Chemist: 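Below: one structure in structure tokens.
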Amino acid sequence: MINKCLLPVAGYGTRFLPATKSSPKEMLPIVNKPLIEYAVQETVEAGLTRIGFVTGRGKRAIEDHFDKNYELEDQIRGTGKEDLLQATRDLIDQCEFSYTRQKEMKGLGHAILTGETLIGDEPFAVVLADDLCFGGDDGVLAQMVKLFDQYRCSIVAVEEVPDDSIHQYGVIAGEAIHEGIYRVTDMIEKPSIEDAPSNFGIIGRYILTPDIFELLRNTLPGKNGEIQITDALKMQAEQGCVLAYRFKGRRFDCGSIDGFVEATNFCYEKFYKNGL
Ligand code: UTP
């Protein structure tokens with residue numbers, strides 16, 4: 001059974017400068033809730049309550065967000081404003097949070113390897129908060145946990161991406177084994193359109209088996225000089241099995257300004273207007 005989730009939040013978020021100069025990108029709000037809280041909510045809804053953050057310099061606001069703020073809470077006690085904090089308080093009560101720091105930003109693969117100390121020798125999920133996902137009845141991570149119970153191997157969530165943005169994704173080649181489920185045969189990080197083996201791009205939801213750590217230790221810097229999780233997953237796929245899952249639902253790339261604005265408009269219409 002999976003009960004741990006790693007949230008790498010060490011990146012600089014340079015696309016959002018100057019907003020991210022001294023504030024974490026993951027604390028940017030979509031309407032009135034920070035991105036990181038949506039991520040933790042999805043994780044808890046999938047039944048995973050042991051949350052490990054891989055943080056870096058300037059990310060302390062995330063720790064504070066998932067802690068009590070006695071002075072503020074005292075100030076609003078008994079007023080209608082308490083309701084605004086209730087969902088956050090519920091998450092804090094349900095979860096056990098732990099933190100480790102990535103000292104140098106050497107890529108997502110390196111961030112995940114840094115999180116080994118919080119995970120140990122068990123399968124775990126990885127959620128990137130800048131991909132904001134909404135599923136149907138089940139959230140995207142909950143769908144993947146169900147799939148893991150069936151197949152017991154690493155799983156990446158994929159979606160079809162347009163040709164002109166394929167170079168921004170890790171892209172898979174795979175054989176369909178079931179509707180929406182592919183056995184991965186190849187993976188390329190940020191390929192040109194000519195080299196892309198399909199139009200299925202990996203988004204920020206993973207379930208990984210713990211042998212990934214040893215593979216990451218043996219992964220050399222790849223695209224952009226970073227240690228890429230896709231390179232380690234490719235090795236894992238060659239040695240055993242990695243699945244790609246075409247999730248049900250909608251995902252917003254909140255690491256980009258356009259995706260962030262789109263997500264904001266979507267959430268405002270869908271949730272906030274009717275009382276989030
Ligand atoms: P991104 O490359 O999208 O995030 O990494 P970034 O580097 O923060 O953003 P830009 O490109 O400068 O605007 C995807 C995720 O992986 C984490 C980031 O925090 C983000 O959630 N990450 C990336 C790390 O934790 N460590 C790294 O070394 C790299």
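Computed from a predicted structure; not experimentally measured. Atoms within each ligand, like the ligands themselves, are counted from 1 in listed order.
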Chemist: Charged N to carboxylate O below 4.0 Å: is that the case for Glu159 and Arg246?
Modeler: no
Chemist: Taking atom CZ as the centre, does Arg89 end up with more than 12 heavy-atom neighbours from other residues, nucleotides or ligands that are less than 6.0 angstrom away?
Modeler: yes
Chemist: Is the positively charged end of Lys190 above the ring of Tyr169, judged by distance under 6.0 angstrom from the centroid and angle within 45° of the axis?
Modeler: no
Chemist: At a non-hydrogen distance cut-off of under 4.0 Å, which region of Asp130 contacts ligand 1 (side chain, backbone, both, or neither)?
Modeler: side chain
Chemist: Given Tyr12, Phe16, Phe53, which one has a non-hydrogen atom that is nearest to atom 7 (O) of ligand 1?
Modeler: Tyr12
Chemist: Ignoring hydrogens, just give me the one of Thr14, Asp131, Leu7 whose non-hydrogen atom is nearest atom 10 (P) of ligand 1.
Modeler: Thr14
Chemist: One residue to check: Val9. Relative to ligand 1, which of side chain, backbone, both or neither has a non-hydrogen atom less than 4.0 Å away?
Modeler: backbone
Chemist: Please could you name the atoms of ligand 1 that Gln102 approaches to less than 4.0 Å, counting only its heavy atoms?
Modeler: 24 (C), 25 (O), 26 (N), 27 (C), 28 (O)
Chemist: Counting heavy atoms only, which part of His110 comes closer than 4.0 Å to ligand 1: side chain, backbone, both or neither?
Modeler: neither
Chemist: Counting each atom of ligand 1 from 1 as listed, which ones have a heavy atom of Arg15 under 4.0 Å away?
Modeler: 3 (O), 9 (O), 10 (P), 11 (O), 13 (O)
Chemist: Considering Ser256, Gly107, Ala111 one by one, which has a heavy atom nearer to atom 28 (O) of ligand 1 than any of the others?
Modeler: Gly107
Chemist: Report yes if some N/O of Ala10 lies less than 3.5 Å from some N/O of ligand 1; otherwise report no.
Modeler: yes
Chemist: Is the closest side-chain donor-acceptor distance between Glu37 and Thr88 under 3.5 Å?
Modeler: yes
Chemist: Looking at ligand 1, would Gly255 count as a contact under a 4.0 Å heavy-atom criterion?
Modeler: no
Chemist: Can you tell me which residue and heavy atom of the protein come closest to atom 21 (O) of ligand 1, and the distance to 0.1 Å?
Modeler: Pro8 O, 3.2 Å
Chemist: Considering only the protein, which heavy-atom contact is closest to atom 9 (O) of ligand 1, and what is its distance?
Modeler: Lys25 NZ, 3.3 Å
Chemist: If you measure from each heavy atom of Glu26 to ligand 1, is any distance below 4.0 Å?
Modeler: yes
Chemist: Taking side-chain hydrogen bond (donor to acceptor under 3.5 Å, both in side chains) as the definition, give me every residue that meets it alongside Glu42, ordered by chain and number, with sequence neighbours left out.
Modeler: Arg205
Chemist: Among all the protein's heavy atoms, is there at least one whose distance to atom 5 (O) of ligand 1 comes out below 4.0 Å?
Modeler: no
Chemist: At less than 4.0 angstrom from any non-hydrogen atom of Gly11, what atoms of ligand 1 do you find?
Modeler: 8 (O), 18 (C), 19 (O), 22 (N), 24 (C), 25 (O)
Chemist: Can you list the steps and then say if Glu96 with Arg50 is a salt bridge (Lys or Arg N to Asp or Glu O under 4.0 Å)?
Modeler: CA-CA 5 Å; Glu96 191 183 299; Arg50 299 182 67 186; 3.6 Å; yes
Chemist: When the ring centroid of Phe53 is compared with that of Phe66, is the distance short of 6.0 Å?
Modeler: yes
Chemist: With atoms numbered from 1 as shown, which atoms in ligand 1 lie under 4.0 angstrom from a non-hydrogen atom of Leu108?
Modeler: 16 (O), 29 (C)
Chemist: Write out the residue and atom name of the closest protein heavy atom to atom 8 (O) of ligand 1, then the distance separating them to 0.1 Å.
Modeler: Gly13 N, 2.9 Å
Chemist: Side chains of residues 132-142: which donor-acceptor pairs under 3.5 Å do they make with residues two or more places apart or in other chains?
Modeler:
unit_1 : atom_1 : unit_2 : atom_2 : d
Asp138 : OD2    : Lys146 : NZ     : 2.6

Chemist: Taking the six-membered ring where the residue is Trp, are the ring centres of Phe124 and Phe213 under 6.0 Å apart?
Modeler: yes
Chemist: What orientation do Phe266 and Phe271 show, parallel under 30°, tilted 30 to 60°, or perpendicular over 60°?
Modeler: perpendicular
Chemist: Return yes when Ala129 approaches ligand 1 closer than 4.0 angstrom through a heavy atom, no otherwise.
Modeler: no
Chemist: For the residue pair Lys81 / Gln75, report whether a side-chain donor-acceptor contact shorter than 3.5 Å exists.
Modeler: no
